[in-house]
Amino acid sequence: MSSPFDAGPRLAEIWANLAEAAQRGAETMRQQAGRAQPPDEAAQQRAEATQRGAGATQQRAGAPARAAEALAALWADAAQASRTVASALAARAGAPRPDPVAEAGFAAAADPRAWLALHGAGLEGGAAVLDAWVGAARRFGEALPGAAGPDGAAPDGKALLALWTGIASRALGEAQRSDAYLQAQAALLRAGTGLRQSQGDAADGWAAALGLPTRKELDEVHQQVAALRREVRALRRTAQARAVRRREARARATLEKQAP
Amino acid sequence: MTAPAAVSAAAYAAAISAAPGVAETPRDLVGQHGKARLYRFRPLAPRAVRVPVLIAYGLIGRWTMLDLEPDRSLVRNLLGLGVDLYVAEWYAAGGTPSRADRYDTLDDLVCGGLDRCVEAVAGLAGTGQVSLLGVCQGGTLAACYAALEPRRVHALVLAVTPIDFHADAGVGTEAGTEARAEQRGVAPAGVLGGLANAWARSLRPADIDALIDAHGNLPGSLLGGAFDLLTPVRTLLRTSVDPLEAAGDPERLSTWLRMEQWIADRPDHPGEAARQWLKWFYLENRLARNRLRLDGRRVELRRIGMPVLNAYAVDDHIVPPATSRALHGLVATEAYRELALPGGHIGAFVGARSQPLLAPAIAAFLREHDKPA
């Protein structure tokens with residue numbers, strides 16, 4: 001997205017898809033719930049009793065899977081919408097946005113091994129997260145029957161989303177504290193850092209070849225300036241302390257003179 | 001949820017493009033030191049507190065969150081209660097530290113920038129002292145300053161401030177936190193609480209060194225991404241479902257847009273200061289262990305003898321309450337008070353429920369401990 005104006009139509013399209021997906025999911029569940037209703041009153045009472053006791057009837061077993069499928073589609077759209085809006089807002093805020101294609105090309109050229117290492121770490125990190133999402137989807141499927149209303153009706157879209165949000169938040173939160181996830185994140189960070197370092201070295205190589213100041217040389221200058229500022233601050237503090245001591249000494253002397 | 005069909009694409013595009021700005025409360029430039037700029041807010045009510053208040057915001061995010069919009073503004077609320085308010089922007093020129101600032105340290109910020117601002121504000125007000133209002137990382141740095149220069153700080157107000165970075169380990173959740181968290185799309189505090197701490201602690205010192213050496217400054221995008229990952233579900237809802245729900249309400253949409261602009265506008269963090277922050281505070285917990293030195297001087301929290309108001313957010317997933325509340329056992333003051341705010345790390349400032357609580361509590365505290373005329 002190059003501008004927020006580009007984001008608007010795409011957003012509306014995504015939201016429309018999102019609503020359709022939600023409607024489809026809800027409709028599927030209603031149909032499933034409807035089919036599960038036995039025709040006579042006695043059977044209905046039996047079904048309700050079963051539902052109260054076990055949480056779900058065998059006839060409704062297919063509904064969670066369909067609802068989860070609909071929700072997955074919905075969530076994929078939500079994720080896309082999220083990225084689109086975030087991109088538009090970053091543009092609005094004036095945040096720097098590197099060209100990912102050019103950056104990837106440069107990164108791969110600078111150090112293909114580091115680039116591959118980063119992507120490998122990314123995949124491993126992604127796998128750790130994916131496990132959590134899959135676990136959340138499974139828990140969601142298990143929780144769905146219990147979320148049905150007292151008459152067996154499927155929950156509406158908002159209730160469905162709230163249920164999913166709660167389950168996914170907990171699942172992701174638990175996963176993110178696991179050793180596997182923390183190690184994967186640390187490995188991803190190390191790989192990204194390694195690639196960045198390689199890029200810097202490559203850029204410095206080009207700068208040196210062209211007779212331009214390198215990043216390292218500029219950093220040395222900045223480091224010296226920072227050190228000089230600290231020396232000035234220390235001198236200033238020393239001077240202030242001396243001035244205070246002189247003032248106090250003068251005051252003492254005055255008091256001593258005035259003393260009888 | 002509003003029907004998506006009713007959402008006008010053009011209206012959204014226009015709204016994002018022409019979104020109202022943040023931090024629009026009038027203020028005047030009253031001083032500058034290097035790249036730092038010191039501003040004084042124009043009063044909105046007769047002065048009720050004599051000692052001026054300097055907002056000390058950190059380097060993670062911008063202070064503008066404190067003045068998000070007229071109805072959700074700690075700045076406006078304090079001005080309306082007669083507080084003389086100043087704020088420092090550490091890297092006003094360009095808005096974000098450049099590579100030239102990568103060697104700026106926390107010593108430079110606390111003993112340099114903050115010290116000069118305190119001196120300037122005290123000089124302008126003619127009070128000799130200021131009260132500090134420190135927020136998040138800025139609160140930690142304000143506490144460091146108050147410990148180093150206790151005679152210059154009249155009162156210390158901290159909000160969502162980490163002090164003991166290891167205090168979150170093994171701490172249970174407060175009543176009601178779980179349900180509230182799940183409704184908001186974040187994991188319950190028992191699961192998530194201190195996740196930022198857990199992540200930071202999972203890094204090796206060598207990882208942090210390599211990160212800073214490679215990037216120079218810690219990229220704001222990296223920080224923002226980490227915060228988004230802390231609450232992945234909420235992050236997705238925030239930019240998909242939330243605007244949908246706000247679509248039919250212009251005020252709500254405007255608030256959402258302002259908040260999102262603030263989130264998207266995340267500056268880089270000066271490299272050396274980030275190295276210190278991650279290693280000294282998150283890994284080594286030097287401040288709480290009384291092992292922190294800035295400019296060669298030991299930072300001893302027990303030297304804080306001035307009145308302290310410590311506000312924390314009960315649903316804070318970035319700075320768990322325990323890490324803030326640990327301050328009580330580390331300072332010498334007897335005039336120590338805590339304020340529990342509803343909401344999370346940011347909601348404590350911009351949430352509707354905290355608006356009638358935070359500013360009045362701060363103003364009352366400052367009035368209670370004000371200097372006589």
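Predicted model, so just to flag it, every value in this text is computed and none were measured. Per chain, numbering begins at 1; letters A, B, ... match sequence-line order.
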L229(B) versus chain A, the contacting section by heavy-atom distance below 4.5 Å =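 Both backbone and side chain.
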
Could you check if a side-chain atom of [X] sits within less than 4.5 angstrom of a side-chain atom of [Y], using non-hydrogen atoms only?
{"X": "R236(A)", "Y": "D115(B)", "value": "yes"}
{"X": "R297(B)", "Y": "R237(A)", "value": "yes"}
{"X": "L211(B)", "Y": "R190(A)", "value": "no"}
{"X": "L161(A)", "Y": "V241(B)", "value": "yes"}
{"X": "H215(B)", "Y": "Q197(A)", "value": "no"}
{"X": "C111(B)", "Y": "R233(A)", "value": "yes"}
{"X": "D104(B)", "Y": "R229(A)", "value": "yes"}

Roughly how far apart are [X] [atom1] and [Y] [atom2], rounded to 0.5 Å?
{"X": "D209(B)", "Y": "T193(A)", "atom1": "CG", "atom2": "OG1", "answer": "11.0 Å"}
{"X": "Y103(B)", "Y": "Q223(A)", "atom1": "OH", "atom2": "CD", "answer": "4.5 Å"}
{"X": "S169(A)", "Y": "L237(B)", "atom1": "OG", "atom2": "CG", "answer": "7.5 Å"}

List the atom of [X], the atom of [Y], and the distance in Å for their closest heavy-atom pair.
{"X": "T105(B)", "Y": "R230(A)", "answer": "CG2-NH2, 3.4 Å"}
{"X": "A198(B)", "Y": "L182(A)", "answer": "O-CD2, 4.4 Å"}
{"X": "A186(A)", "Y": "S202(B)", "answer": "CB-O, 4.5 Å"}

ask   = Which bit of L189(A) is near chain B, if near means a heavy-atom gap under 4.5 Å: side chain, backbone, both or neither?
value = side chain

query = Okay, side chain of Q185(A), backbone of L203(B): is any donor-acceptor separation there less than 3.5 Å?
reply =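 No; judged by distance alone, with no hydrogens or angles, the pair does not exist.
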
ask   = Between G296(B), G112(B), A206(B), which shows the greatest number of heavy-atom pairs under 4.5 Å with chain A?
value = G112(B)

request  = Quick one: do D219(A) and R99(B) satisfy salt bridge (charged side-chain N to carboxylate O under 4.0 Å, His left out)? Show the steps, please.
outcome  = CA-CA 8 Å; D219(A) 279 349; R99(B) 181 86 182 206; 2.8 Å; yes

ask   = Is the closest side-chain donor-acceptor distance between E119(B) and Q240(A) under 3.5 Å?
value = yes

